Every structure is written in structure tokens, then in C-alpha cells.
**Student:** 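Structure incoming, see below.
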There are 2 protein chains.
Amino acid sequence: METTVIKEAGLKVTRPRAMILEILEQSEKKHLSAEEVFQILVDDEEDIGLGTVYRVLTQFESAGIVERHNFEDGHAVFELRQASHHDHLVCLECGQVLEFCDELVEKRQKQVAEEMGFEVVDHSHIIYGRCSACIAKGTA
Amino acid sequence: METTVIKEAGLKVTRPRAMILEILEQSEKKHLSAEEVFQILVDDEEDIGLGTVYRVLTQFESAGIVERHNFEDGHAVFELRQASHHDHLVCLECGQVLEFCDELVEKRQKQVAEEMGFEVVDHSHIIYGRCSACIAKGTA
DNA sequence: CTAATTGCAAAAGCTTTGCAGCGCA
DNA sequence: TGCGCTGCAAAGCTTTTGCAATTAG
């Protein structure tokens with residue numbers, strides 16, 4: 001169990017934190033909302049409050065353990081931070097999230113920003129559309 | 001006054017709608033939150049409710065008159081839709097919003113998405129950082 | 001032991017909505 | 001005149017927070 005990252009963040013290794021980390025590690029869906037994490041905990045019959053889920057996820061974010069993304073549907077999603085940066089493709093039909101990373105786009109956006117006298121700190125690049133499965137499935 | 005666009009959207013030309021459109025057209029700040037639009041109306045001593053501001057902005061969005069953007073600070077901002085597409089640079093220090101559009105980025109992101117079997121419907125590309133004014137101002 | 005952490009529930013934003021009255025066409 | 005629109009206030013949702021009880025180290 002990778003409770004090490006929790007310690008390294010200067011946080012006590014408590015049951016809620018260990019469970020939430022484990023969920024993020026083991027879920028097949030890599031981008032989870034706080035509510036989804038909470039539901040999984042409830043299904044596991046863990047007695048952990050939604051407030052705690054938010055608190056822990058926010059702490060993990062500060063510690064650089066997870067990333068928070070604001071997709072368009074009003075709630076944030078969290079994913080374990082990976083070694084390499086990437087952006088997202090979100091299927092408007094099934095909600096699936098794909099990841100992409102393109103050197104050219106990354107480099108060019110930085111260049112454009114700098115040309116405008118802008119110092120880049122971060123960016124959010126989300127492409128909305130339909131994934132191949134949904135295209136195949138229907139005409140909608 | 002460009003009330004024509006309101007009619008063309010199949011909406012009655014009412015005082016709230018005309019005022020809100022005018023505010024969006026005339027404000028020097030081009031990206032306004034519902035609350036900001038509401039404040040301007042209050043300052044103008046217009047008797048228009050915040051609920052109406054939201055309703056009108058949402059209608060304008062459906063009609064393609066304005067675009068809604070979700071920046072990271074929890075509230076949406078609206079801007080008049082322009083002829084040409086563009087993305088945004090947001091200064092984390094002063095909140096200023098700059099616009100950019102780069103052919104190369106646009107083309108490449110579409111290409112990347114298609115390589116992944118994705119049909120692009122829309123995208124949100126926001127760069128967060130510090131604008132030149134804030135860089136000049138301080139060391140923060 | 002003692003400070004950090006949690007569950008619970010209340011509260012805080014932002015945004016939407018129901019309804020009775022008002023106003024545009 | 002009639003239906004659409006509005007103001008108001010209440011409700012909805014996601015997320016945050018206060019506090020007493022609990023727990024990790």
C-alpha cells in the first residue's frame with residue numbers, strides 16, 4: 001500500500017486518507033468526483049463522511065498527490081497525478097475521459113503566451129466531443 | 001441599439017434583455033460574471049433581479065449571442081460571441097483576461113483528437129499565469 | 001498524551017426555478 | 001388581450017466549515 005506518499009505530504013496516515021488513496025489507485029475510472037469517491041466508500045461500508053472526502057482530496061491536491069479538474073458539468077473531478085503532464089478529451093455522450101499530450105500544442109501555447117507578455121503558471125485544455133464508441137453506437 | 005439579435009433569437013425585446021445586451025456590448029471588461037452584470041444594473045438603478053440576469057444570459061447562450069466560460073474560481077463568465085473563435089489567458093493575480101487564437105494549436109488539437117477516434121464538438125483552452133502588468137508590478 | 005483528524009450537520013456560494021403579477025406585441 | 005417575461009424568494013447543488021468526539025504517533 002502506498003501510504004508513503006501520505007506521510008511524505010506531512011499528513012497522518014488515517015483510514016479515510018488511506019482508503020481514498022487506494023480508491024484513486026485502484027479504480028478503473030481514473031477521473032472521479034468527490035461524490036463518486038464517497039459512493040465507493042459507502043458501498044464498501046466505510047463510515048467516512050462526504051466532508052472528509054472533500055477535505056482529503058483538497059489536501060491531496062495541495063500535496064501534489066492528485067490533480068483537480070473542472071469539467072463543464074458543475075462538479076470537479078480528481079485523478080492521481082502522474083509523472084507526465086496531459087490534457088483531456090471528454091465525451092459529451094458517455095462521460096468517458098481520455099487523455100492526450102501533444103508536444104507541439106504544449107510548446108506552441110507557451111510560445112503564444114510569452115509573445116503576449118504572459119508568464120504561464122498552468123493551463124487547462126479540455127476537448128469536448130464524442131468518443132469512437134459513441135460514434136459507432138448511434139447517430140445521435 | 002442592436003436589439004435585432006434579440007428578436008432574431010425569437011425573444012421579446014424587453015428592458016432586462018436590452019440592458020444586459022447593452023452592458024455586454026459597452027463594458028470595457030469583456031468577460032463578465034452574472035454577478036458583475038447584476039451589479040452594473042444595480043448601479044444604473046435598474047430594477048432587475050439576479051435571477052433574471054441568469055435567465056437572460058442562459059437564453060443568450062442558447063441563442064449563440066454569448067459564450068459561457070468556466071474559469072477556475074467557481075463562477076462562470078459571459079462574453080459576447082465574436083465572429084472568430086478564441087481561447088483565453090487568465091491572470092491569476094489581477095484577474096485580467098486576454099484572448100488568443102493560434103492556428104497551429106487549433107489545427108493540431110483537432111488532429112490529435114481525431115487520431116484517437118474522437119469527434120470534436122467544442123473545446124476549452126485556458127492558460128493561467130501572470131500578465132505583463134503584474135510581472136512588472138511586483139516580485140510576488 | 002495531545003495535536004491532528006473526523007463525522008455530522010449547518011452554512012456558504014453560485015445558479016436555477018416556481019409562481020403571481022407585469023409588460024411587450 | 002394573451003402569452004411571454006420578470007421579480008422575488010425559495011430551493012438545488014457542489015463544496016466548505018465549526019465543533020465535539022476520536023485517533024494516530
Side-chain angles (χ1 to χ4, degrees), chain A residues 1-23 31-42 44-63 65-79 95, chain B residues 1 3-23 31-42 44-63 65-78 95:
Chain A
M1 217 70 56
E2 263 316 337
T3 52
T4 317
V5 288
I6 298 178
K7 282 204 199 82
E8 284 173 355
L11 300 169
K12 283 190 181 176
V13 180
T14 60
R15 185 152 186 79
R17 299 214 256 242
M19 291 303 297
I20 291 172
L21 180 58
E22 192 183 326
I23 286 170
H31 302 79
L32 299 169
S33 66
E35 191 69 45
E36 283 171 323
V37 171
F38 177 64
Q39 267 315 313
I40 293 171
L41 288 167
V42 169
D44 279 357
E45 297 183 312
E46 292 288 336
D47 189 13
I48 295 176
L50 179 56
T52 299
V53 173
Y54 275 105
R55 257 184 306 226
V56 169
L57 287 172
T58 303
Q59 290 160 347
F60 281 4
E61 186 193 11
S62 303
I65 298 171
V66 306
E67 281 182 10
R68 180 196 298 249
H69 303 291
N70 299 292
F71 293 164
E72 300 228 315
D73 21 40
H75 61 270
V77 298
F78 300 81
E79 68 171 326
Chain B
M1 218 67 58
T3 54
T4 317
V5 289
I6 298 177
K7 281 203 198 85
E8 284 173 357
L11 300 169
K12 282 191 183 177
V13 180
T14 60
R15 184 151 186 81
R17 298 215 256 244
M19 291 303 297
I20 291 171
L21 181 58
E22 192 184 326
I23 285 170
H31 303 79
L32 299 170
S33 66
E35 193 69 44
E36 284 171 323
V37 171
F38 177 64
Q39 267 315 315
I40 294 172
L41 288 166
V42 169
D44 279 358
E45 298 185 311
E46 291 288 335
D47 189 13
I48 294 175
L50 179 57
T52 299
V53 173
Y54 275 105
R55 258 184 305 228
V56 169
L57 287 171
T58 302
Q59 291 160 347
F60 282 3
E61 185 191 13
S62 303
I65 299 171
V66 306
E67 279 181 12
R68 180 195 300 246
H69 303 291
N70 299 292
F71 293 163
E72 300 227 314
D73 22 39
H75 60 270
V77 298
F78 299 82

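On a predicted model such as this, the values are computed, not experimentally measured, just so you know. All chains are named by letter (A, B, ...) in the order of the sequence lines, taking the proteins before the strands, and each is independently numbered beginning at 1.
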**Student:** More 5' along DNA chain D: B/Lys12 or B/Gly51, using each one's nearest nucleotide?
**Tutor:** B/Lys12

**Student:** Output the single nucleotide from D/dT16, C/dA25, C/dT15 whose closest atom is nearest the side chain of B/Ala76.
**Tutor:**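 Shortest atom-to-atom distance from the side chain points to C/dT15.
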
**Student:** Rounded to the nearest angstrom, tell me the gap between atom CG in B/Asp47 and atom P in C/dC22.
**Tutor:**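 Between P of C/dC22 and CG of B/Asp47: 13 Å.
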
**Student:** Figure out the CG/P separation between B/Leu57 and C/dC14, and round it to whole Å.
**Tutor:**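 So the two atoms are 15 Å apart, to the nearest Å.
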
**Student:** Look up atom CD in B/Glu46 and atom CD1 in B/Ile48, then write down how far apart they are to the nearest 0.5 Å.
**Tutor:**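 If we round to the nearest 0.5 Å, B/Glu46:CD and B/Ile48:CD1 are 5.0 Å apart.
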
**Student:** Establish, from distance only, whether the side-chain atoms of A/Glu35 and A/His75 form a donor-acceptor pair under 3.5 Å.
**Tutor:** no

**Student:** Side-chain N or O of A/Thr14 versus OP1/OP2 of C/dA4: is the shortest distance under 4.0 Å?
**Tutor:**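 It does not, given that no N or O in the side chain of A/Thr14 lies less than 4.0 Å from OP1 or OP2 of C/dA4.
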
**Student:** Return the value, rounded to whole Å, for the distance between atom CG of A/Leu50 and atom C1' of C/dA11.
**Tutor:**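 Taking CG of A/Leu50 and C1' of C/dA11, I get 14 Å after rounding.
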
**Student:** Using whole Å, report how far CZ of A/Arg55 lies from C1' of D/dT22.
**Tutor:**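 Nearest whole value for this atom pair: 13 Å.
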
**Student:** How long is the line joining CD of B/Glu46 and C1' of C/dC22, in whole Å?
**Tutor:**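 For the pair B/Glu46 CD and C/dC22 C1', the rounded distance is 16 Å.
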
**Student:** Figure out the CZ/P separation between B/Arg15 and C/dA25, and round it to whole Å.
**Tutor:**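 One finds 14 Å between P of C/dA25 and CZ of B/Arg15, rounded.
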
**Student:** Using a 4.0 Å heavy-atom cut-off, does A/Thr58 contact any base of the nucleic acid, only the sugar-phosphate backbone, or nothing at all?
**Tutor:** sugar-phosphate

**Student:** Report the nucleotide, chosen from D/dT6, D/dG7, C/dG7, that has the shortest atom-to-atom distance to any side-chain atom of A/Ile48.
**Tutor:**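 The listed nucleotide nearest to A/Ile48's side chain is C/dG7.
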
**Student:** Rounding to an integer number of Å, can you tell me how far A/Arg17 CZ sits from C/dG7 P?
**Tutor:** 11 Å

**Student:** What is the distance from atom OG1 of A/Thr52 to atom CE of A/Met19, rounded to the nearest 0.5 Å?
**Tutor:** 13.5 Å

**Student:** Quick one: which of C/dC14, D/dC8, C/dT6 gets closest to the side chain of A/Thr52?
**Tutor:** C/dT6

**Student:** For DNA chain C, whose closest nucleotide is more 5', that of B/Lys7 or that of A/Val56?
**Tutor:**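 In this pair, the answer is A/Val56.
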
**Student:** Keeping the roles fixed (side chain from A/Thr58, backbone from A/Tyr54), state whether a donor-acceptor pair exists under 3.5 Å.
**Tutor:** yes

**Student:** For the pair made of OH in A/Tyr54 and P in C/dA9, what is the distance, rounded to whole Å?
**Tutor:**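 My rounded result for the distance is 17 Å.
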
**Student:** Can you tell me if A/Arg17 uses its side chain to pair, donor with acceptor, with the backbone of A/Ile6 under 3.5 Å?
**Tutor:** no

